[in-house]
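Please read the structure below before turning to the comments.
First the proteins, then the strands, lettered A, B, ... as listed; each starts at 1. Note that the structure is a prediction, hence the values are computed from the model and not measured.
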Protein chains: 2
Amino acid sequence: MRRWSKHSRLSPEDCDAILDLPYAVRTFGKDGYLVREGQEATECALLLHGFAFRQKLLRDGSRQIISFHIPGEFVDLQNALLGIADHNVQSVNRTEAAMIPRNAIIDLATARPAIRTAMWVDTLIDSSIFREWVVNVGRRDSRTRIAHLLCELAMRLEANGDGDGDAFDLPLTQEQLADATGLTAVHTNRTLQTLRREGLIHLNSGSFKILDWNKLREAGDFDELYLHQRI
Amino acid sequence: MRRWSKHSRLSPEDCDAILDLPYAVRTFGKDGYLVREGQEATECALLLHGFAFRQKLLRDGSRQIISFHIPGEFVDLQNALLGIADHNVQSVNRTEAAMIPRNAIIDLATARPAIRTAMWVDTLIDSSIFREWVVNVGRRDSRTRIAHLLCELAMRLEANGDGDGDAFDLPLTQEQLADATGLTAVHTNRTLQTLRREGLIHLNSGSFKILDWNKLREAGDFDELYLHQRI
DNA sequence: CGTTAATTTGAGACCATTCAATTTCGGTGG
DNA sequence: CCACCGAAATTGAATGGTCTCAAATTAACG
């Protein structure tokens with residue numbers, strides 16, 4: 001509700017309807033599967049605690065991460081309509097998610113126009129982020145790519161009310177950052193060292209701090225328009 | 001209507017409502033801009049004739065193509081809700097598009113549930129394709145990448161009723177294929193030669209023919225689930 | 001039929017990968 | 001509190017896929 005309120009006007013009745021949604025809280029350990037590719041989706045997952053990411057596995061065993069998700073976000077809202085999951089969703093760390101039956105989502109969207117629009121906009125913003133990721137892995141070099149990803153994560157965490165100014169809890173491994181940027185873990189490591197040496201970031205297991213926003217932004221060729229945080 | 005009917009049930013009244021949409025036909029020359037990044041969207045473009053693609057330009061002047069679009073497809077339906085375009089849309093060749101006022105789209109979606117759902121599903125399938133493209137440019141080598149893109153285009157053209165069995169009109173330059181796969185035009189050229197030498201495809205300016213579907217599919221690590229052509 | 005765009009070719013350079021080894025870190029049990 | 005363990009991070013050196021730059025050839029078009 002807090003997320004959607006930023007771009008959609010929800011009435012008290014809308015909020016009540018959201019709070020009345022049936023759900024089951026499920027807990028996932030590190031690397032647990034919230035959704036599996038090819039499976040029919042019977043419920044949608046709303047992240048309560050912990051981080052998650054979407055990914056696809058390739059035949060050679062490599063993995064491409066397609067997006068990261070932070071608490072408060074739906075990780076697979078599109079499955080309410082598409083029915084069959086076209087990718088996997090995995091937890092980064094210990095995670096709690098509210099599993100909401102697909103039908104309940106559909107009914108809510110049917111009954112309440114404002115919520116329906118908010119959901120649609122939500123999936124459209126996801127979509128915009130995927131587009132930027134295509135650009136990121138397609139045309140940027142490793143330093144720019146990683147800086148861009150870090151800018152995005154920081155900005156989304158900030159907008160979510162997480163983190164403290166320029167410091168965030170970010171429990172991602174370098175291997176996960178590598179799979180998100182289309183690089184190897186080894187090269188991600190070297191690139192992070194460059195960013196650290198340049199005084200742009202502080203990053204180690206769990207804690208992430210931006211030391212120079214302007215330089216990181218510049219390094220990452222970052223323009224937040226695509227996040228649609230206003231509108 | 002033909003596209004949407006594949007995944008949504010539209011009543012005769014729905015179809016009438018679609019046909020009653022106000023629109024203005026606009027013609028674009030090669031590389032004409034249908035939509036510009038940063039601009040407020042006042043209308044959505046439905047392709048009537050010709051091909052188009054979405055792209056973003058980077059500060060170094062390079063370009064990443066994010067998707068291709070064929071006649072009958074909306075190229076920027078998301079702008080009806082997001083308001084500000086986060087990427088450019090360009091025509092491949094001489095193109096005609098029906099420009100439909102944003103408000104008319106919104107009103108139609110509000111008034112007709114089946115159309116609204118069809119629109120939402122349309123944007124969700126777009127989204128799924130973007131995800132696959134992240135994987136494609138992120139983790140596949142050049143040969144696999146190009147083979148995958150060609151499979152996608154063939155399959156979408158086929159489903160659209162274009163093309164004749166395994167032969168299609170595909171007026172893309174190698175530079176455009178390169179910008180879509182995150183490669184250089186030179187390397188795209190060499191890779192296409194490989195695919196031709198292997199007897200998988202026939203491809204030259206304007207005409208594209210698949211000589212061996214199974215091998216091209218295999219070469220491209222292609223699984224069409226993400227196109228959601230059924231569901 | 002001239003002119004420009006698109007494709008093709010070659011050679012060298014470079015960014016990122018691969019593979020393997022080492023070090024650091026986080027957690028766990030004694 | 002410390003020894004131990006596996007996971008994660010780091011380092012080095014060699015390899016390789018793709019890029020860059022430049023030139024030549026072919027195709028498209030008015």
Side-chain angles (χ1 to χ4, degrees), chain A residues 29-32 51 58 60-65 90-94 136-150 169-197 201-208 219, chain B residues 29-32 51 53 58 60-65 90-94 136-147 149-150 169-197 201-208 219:
Chain A
K30 185 173 167 52
D31 285 329
F51 289 61
L58 286 85
D60 67 355
S62 63
R63 175 177 75 169
Q64 177 67 43
I65 291 179
Q90 253 182 311
S91 53
V92 170
N93 46 7
R94 185 183 166 79
N136 206 37
V137 296
R139 281 280 181 245
R140 296 198 177 108
D141 65 20
S142 63
R143 177 172 171 274
T144 316
R145 236 183 261 196
I146 289 183
H148 190 282
L149 173 58
L150 293 176
D169 288 334
L170 193 69
L172 302 176
T173 66
Q174 294 183 3
E175 188 178 7
Q176 288 163 341
L177 290 173
D179 285 342
T181 48
L183 302 168
T184 58
V186 170
H187 197 61
T188 298
N189 176 280
R190 294 193 229 266
T191 307
L192 285 173
Q193 288 180 51
T194 305
L195 292 174
R196 281 194 283 245
R197 206 179 315 120
I201 59 167
H202 174 90
L203 178 67
N204 59 27
S205 52
S207 100
F208 167 44
Chain B
K30 184 173 168 50
D31 286 330
F51 289 60
F53 57 91
L58 286 85
D60 67 355
S62 62
R63 174 176 75 168
Q64 176 66 45
I65 290 179
Q90 254 182 310
S91 54
V92 170
N93 46 6
R94 185 183 167 79
N136 206 36
V137 297
R139 281 279 181 247
R140 296 197 177 109
D141 64 21
S142 63
R143 176 171 171 274
T144 317
R145 236 183 261 195
I146 289 182
L149 173 59
L150 293 176
D169 288 334
L170 192 69
L172 302 176
T173 66
Q174 293 183 5
E175 187 177 7
Q176 288 162 342
L177 290 173
D179 284 341
T181 47
L183 302 168
T184 59
V186 170
H187 197 62
T188 298
N189 178 280
R190 295 193 228 265
T191 306
L192 285 173
Q193 287 180 51
T194 304
L195 292 174
R196 281 193 282 245
R197 205 179 315 120
I201 60 167
H202 174 90
L203 178 67
N204 59 27
S205 50
S207 101
F208 167 43

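Listed for the B:S62 side chain is no donor-acceptor partner under 3.5 Å among the backbone atoms of B:L58. Formation of a donor-acceptor pair under 3.5 Å by the B:S91 side chain with backbone atoms of B:R94 is not found in this model.
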Can you give one letter per nucleotide of nucleotides 20-30 of chain D, 5' to 3': B if a protein heavy atom sits under 4.0 Å from the base, S if only from the sugar-phosphate, - if neither? BB-----SS--

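As rounded to whole Å, 14 Å separates atom C1' of D:dT10 from atom CD of A:E175. One interatomic measurement links the two molecules: CG of B:D31 to P of C:dA5, which rounds to 11 Å at whole-angstrom precision. Taking atom CD1 of residue B:I146 and atom P of nucleotide C:dT7, one finds them 12 Å apart after rounding to whole Å. Between the CG atom of A:N204 and the C1' atom of C:dC25 there is a distance of 10 Å, given to the nearest Å. Rounded to whole angstrom, the span from the CD atom of A:Q174 across to the P atom of C:dG26 amounts to 13 Å. Per the geometry, CG belonging to A:L192 stands 15 Å off C1' belonging to D:dT11, to the nearest Å. Residue B:D141 contributes atom CG, which lies 21 Å from atom P of D:dT15 at whole-angstrom precision. Atoms CZ (B:R145) and C1' (D:dG17) sit 10 Å apart, rounded to a whole Å.
In this structure, A:R196 reaches the sugar-phosphate backbone alone: every heavy-atom distance under 4.0 Å involves primed, P, OP1 or OP2 atoms, never a base. Counting non-hydrogen atoms under 4.0 angstrom, B:L183 reaches the backbone sugars and phosphates but no base. Residue A:G182 is classed as a sugar-phosphate contact, given heavy-atom separations below 4.0 Å to backbone atoms only. Within 4.0 Å of A:R139, counting heavy atoms only, lies no atom of the nucleic acid at all.
Heavy-atom neighbours of A:N204 CG from other residues, nucleotides or ligands within 6.0 Å: above the threshold of 12. Open room surrounds CG on A:D169; 12 or fewer heavy atoms of other groups in view lie less than 6.0 Å from it.
Between A:V137 and B:R139, every side-chain heavy-atom pair lies at or beyond the 4.5 Å cut-off.
The side chain of B:K30 lies closest to C:dA6, out of C:dA16, C:dT8, C:dA6. Between C:dT7, C:dA16, D:dT10, one nucleotide has an atom nearer to the side chain of B:N189 than all others, and that is C:dT7.
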Which is it for B:L203 and B:I146 under the side-chain contact (heavy atoms from CB on, under 4.5 Å) test, yes or no, and what are the steps along the way? CA-CA 12 Å; B:L203 178 67; B:I146 289 182; over 6 Å; no

Check step by step if side-chain contact (heavy atoms from CB on, under 4.5 Å) holds for B:Q90 and B:Q176. CA-CA 11 Å; B:Q90 254 182 310; B:Q176 288 162 342; over 6 Å; no

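Across every non-hydrogen atom of B:R145 and B:T181, the tightest pair is NH1-O, 2.6 Å. The nearest pair of heavy atoms linking B:R143 to B:T194 is CD-CG2, 4.4 Å.
A residue-by-residue look at B:S142 and A:A185 shows that A:A185 has its nearest nucleotide of DNA chain D further toward the 5' end.
A sub-4.0 Å separation between OP1 or OP2 of D:dA8 and a side-chain N or O of A:T173 is absent. Of the side-chain N and O atoms in A:R197, none sit less than 4.0 angstrom from OP1 or OP2 of D:dT10. The side chain of B:Q193 contributes no N or O atom lying less than 4.0 Å from OP1 or OP2 of C:dT7.
Rounded to 10 degrees, the angle separating the terminal helix axes of the helix from C:dC1-D:dG30 to C:dG30-D:dC1, each built from five base pairs, is 50°.
Identified under the salt bridge (charged side-chain N to carboxylate O under 4.0 Å, His left out) test for residues 186-196 of chain B, with sequence neighbours left out: none.
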